[in-house]
Amino acid sequence: MSNLEQTLSIIKPDAVERNLQDEIKKKFVENGFSIKDEKKIQISKNEAEEFYKVHQSKPFYGELCNYLSSGPIVVMILEKENAVIENRKLMGATDPSKAENGTLRKMYGISIDKNSVHGSDSLDNAKIEIEFFFKN
Ligand code: CDP
Ligand code: MG
């Protein structure tokens, strides 16, 4: 049975800074994702705080928001069967040193904060996050 989904992916500042966006986009396409929309932007600290508000109470929240707003990012709508979970699998564990071989975070991540990619963690959040970046 078909379960075509869309999810939000972000190529984070550490990866854009190293000019890895084309290589990472190629990995998505090779893994069966279509990139339905994309844009390279830089967000403000306020926007980062809004985007990551679920992490408000975490000790790393301030740094996380500084970091996501520190440089250009590439935001993308990815589409595939079971896109949300498939993207999480391709990304690998949050901490690159714990991520499996072949995952994006293992290949490109520098550290738990500079882990190169974001991906929505549920279909509900995918909808919210896509709306956040692509509402006209
Ligand atoms: O991105 P993911 O969903 O895998 O992880 P998260 O738990 O939702 O955390 C969001 C982001 O916060 C991570 O991708 C990390 O960049 C950052 N983080 C951090 O800097 N230090 C931690 N101990 C945990 C997460
Ligand atoms: Mg998350």
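Please read all numbers here as calculations on a predicted model, not as lab measurements. All residue numbers refer to positions in the sequence shown, counting from 1.
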Inset, instruction - Could you go through the side-chain hydrogen bond (donor to acceptor under 3.5 Å, both in side chains) check for Ser111 and Asp113 one step at a time? - result: CA-CA 5 Å; Ser111 57; Asp113 49 327; 2.7 Å; yes

Inset, instruction - Let me see the working for Glu5 and Ile85 under side-chain contact (heavy atoms from CB on, under 4.5 Å), right down to the final yes or no. - result: CA-CA 10 Å; Glu5 292 177 355; Ile85 184 76; 5.7 Å; no

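Taking every heavy atom of both residues into account, Tyr108 and Ser116 meet most closely at O-OG, 3.1 Å. In terms of heavy-atom proximity, Lys106 sits nearest to Glu100 at CB-O, 3.2 Å. Between Met91 and Thr103, the closest heavy-atom pair is O-CB, 3.5 Å. When all heavy atoms of Arg88 and Asp121 are compared, the closest pair comes out as NH1-CB, 4.1 Å. Listed here is the closest heavy atom pair of Leu68 and Ile73: O-CG2, 3.9 Å. In plain terms, the two heavy atoms of Pro13 and Gly71 that are nearest each other are CG-O, 3.9 Å.
Note: Leu78 CG to Ser120 OG = 8.5 Å, rounded to the nearest 0.5 Å. Separating the CG atom in Leu8 from the CD1 atom in Ile128 is a distance of 11.5 Å, to the nearest 0.5 Å. Asn82 contributes atom CG, which lies 11.5 Å from atom OG1 of Thr7 (distance to the nearest 0.5 angstrom).
At distances below 3.5 Å, at least one donor-acceptor pair connects side-chain atoms of Asn31 with backbone N or O atoms of Lys27. For the pair Gln6 (side chain) and Glu79 (backbone), a donor-acceptor distance under 3.5 Å is absent. A donor-acceptor distance shorter than 3.5 angstrom exists from the side chain of Asn115 to the backbone of Thr94, with no hydrogens or angles considered.
Residues passing the side-chain hydrogen bond (donor to acceptor under 3.5 Å, both in side chains) test with Glu38, sequence neighbours excluded: Lys25.
Tracing side-chain contacts under 4.5 Å through hydrophobic residues (I, L, V, M, F, W, Y), one reaches Ile77 starting from Ile41; they form part of the same cluster. Both Val16 and Val117 belong to a single network of hydrophobic side chains, linked directly or stepwise wherever heavy atoms of I, L, V, M, F, W or Y lie under 4.5 Å apart. A continuous path of Ile, Leu, Val, Met, Phe, Trp and Tyr side chains, each step under 4.5 Å between heavy atoms, connects Ile11 with Leu20, placing both in one hydrophobic cluster. Residues Ile10 and Phe134 are members of one and the same hydrophobic cluster, defined by side-chain heavy-atom contacts under 4.5 angstrom among Ile, Leu, Val, Met, Phe, Trp and Tyr. In terms of hydrophobic clustering, with Ile, Leu, Val, Met, Phe, Trp and Tyr side chains grouped at heavy-atom distances under 4.5 Å, Leu104 and Met76 are assigned to a common cluster.
Looking at heavy atoms from C-beta onward, Phe33 lies in side-chain contact with Asn87 at the 4.5 angstrom threshold. Under the 4.5 Å side-chain criterion, counting only non-hydrogen atoms from C-beta, Ile43 is in contact with Phe133. With a 4.5 Å cut-off on side-chain heavy atoms, Lys12 and His118 count as touching.
Applying the side chain to side chain donor-acceptor pair (under 3.5 Å) rule to pairs touching residues 58-69 yields Asp14-Tyr67, Lys45-Asn66, His55-Lys58, sequence neighbours excluded.
Salt-bridge annotation for Glu23 and Lys26: absent, with no side-chain N of the basic residue lying under 4.0 Å from a carboxylate O of the acidic one.
In this pair, Phe132 and Phe51 present their aromatic rings tilted. The plane angle is within the 30 to 60° band.
Donor-acceptor pairing under 3.5 Å is recorded for the side chains of Ser97 and Asp95. Ser122 and Asp124 share no side-chain donor-acceptor pair at under 3.5 Å.
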